[in-house]
Amino acid sequence: MSATSHPAVPRLNLLWFTVLAAPMMIGIAIALMIGFGQYQAPMELVPTDTLRMGAIGAMALTLVVARPLRNLLMSPEAIARRPLQGLPANSDDETAAMKVQTSMFILLGLLDIVAMLVIAFCLMQADAHLAILNGIFSLVLAIIARPDFASLIAQTRQQLPR
């Protein structure tokens, strides 16, 4: 089966963008809560300017390290070495796709840490602007750090131990 026609690629792309688009949906919900629901901040932990500068700095750092982190976690050698739990796959092709999906979720979890922390601070301080900016950051991050799943599955299949 050629790498470009692997049936798991559309599913992996959908999962990738859905997970990294969640902060944008949450940011819109926070903005609507603040704008129309009259949501008030329960507490102010840090001054708003300090929060915004810290959040933007953390987002920028995440954008800088996203590709090196992706290259480290999503290299075919690292994916092939990673153990799989659950039911055994019927073929090397399915095993490679399952290992790529598992590695994708590990990377997504690491990339989403900053976005989820910023969301928590946006809720605590009722900052709609930062919530929307965080969503935009997550969408840019999704585009910058997206792996080529088709070639990754093919390369991982070649790296699997026989």
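- In this structure a side-chain-to-backbone donor-acceptor pair under 3.5 Å is present from Tyr39 to Leu123.
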Acceptor/donor pairs from residues 139-150 side chains to any protein atom, 3.5 angstrom cut, sequence neighbours excluded:
residue: Arg146; atom: NH1; partner: Asn13; partner atom: OD1; Å: 3.0
residue: Asp148; atom: OD2; partner: Ser151; partner atom: OG; Å: 3.0

Please list every donor-acceptor pair under 3.5 Å in which a side-chain atom of residues 102-119 meets a protein atom from a residue at least two apart or in another chain.
residue: Thr102; atom: OG1; partner: Met98; partner atom: O; Å: 2.9
residue: Ser103; atom: OG; partner: Arg82; partner atom: NH1; Å: 2.3
residue: Ser103; atom: OG; partner: Lys99; partner atom: O; Å: 3.0

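- Taking OG of Ser138 as the reference point, atom CD1 of Ile26 lies at 9.0 Å (rounded to 0.5 Å).
- Taking CD from Gln158 and CD1 from Ile153, the interatomic distance works out to 12.5 Å, rounded to the nearest 0.5 Å.
- Legend: residues meeting side-chain contact (heavy atoms from CB on, under 4.5 Å) with Ser75, ordered by chain and number and at least two apart, are Glu77, Ala78.
- To the nearest 0.5 Å, the span separating CD on Gln125 from OG1 on Thr50 amounts to 9.0 Å.
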| said: Please evaluate residues Phe137 and Leu133 with respect to the criterion side-chain contact (heavy atoms from CB on, under 4.5 Å), reporting the C-alpha separation (whole Å), side-chain torsions for both, the decisive distance (0.1 Å), and the verdict. | reply: CA-CA 6 Å; Phe137 149 77; Leu133 184 64; 5.7 Å; no
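- By the criterion of side-chain heavy atoms lying less than 4.5 angstrom apart, applied directly or through intervening Ile, Leu, Val, Met, Phe, Trp or Tyr residues, Ile136 is grouped together with Leu32 in one hydrophobic cluster.
- Scanning all heavy atoms of the two residues, the minimum distance from Ala8 to Ala97 falls at CB-CB, 4.0 Å.
- With hydrogens and angles disregarded, no donor-acceptor distance shorter than 3.5 Å links the side chain of Gln159 to the backbone of Ile79.
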| task | Report the C-alpha separation of Phe121 and Leu130 in whole Å, then their side-chain angles, then the decisive distance to 0.1 Å, and conclude whether the side-chain contact (heavy atoms from CB on, under 4.5 Å) test is met. | result | CA-CA 9 Å; Phe121 278 108; Leu130 185 58; 5.7 Å; no
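- One finds the CZ atom of Arg67 at 10.5 Å from the CG atom of Leu63 (value rounded to the nearest 0.5 Å).
- When every heavy atom of Val100 is checked against every heavy atom of Met74, the shortest pair comes out as O-CE, 4.1 Å.
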| For His129 and Arg52, what are the C-alpha separation, side-chain angles and deciding distance, and is it a side-chain contact (heavy atoms from CB on, under 4.5 Å)? | CA-CA 9 Å; His129 295 102; Arg52 288 182 179 176; 3.7 Å; yes
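- A heavy-atom distance below 4.5 Å is not found between the side chains of Leu61 and Met59.
- Rounding to the nearest 0.5 Å places CG of Leu51 at 9.0 Å from CD1 of Ile56.
- Both Phe17 and Val19 belong to a common hydrophobic cluster when Ile, Leu, Val, Met, Phe, Trp and Tyr are linked at side-chain heavy-atom distances under 4.5 angstrom.
- Residue Arg157 holds its CZ atom at 10.5 Å from CD of Gln155, rounded to the nearest 0.5 Å.
- Glu44 approaches Thr48 most closely through the heavy-atom pair OE2-N, 4.2 Å.
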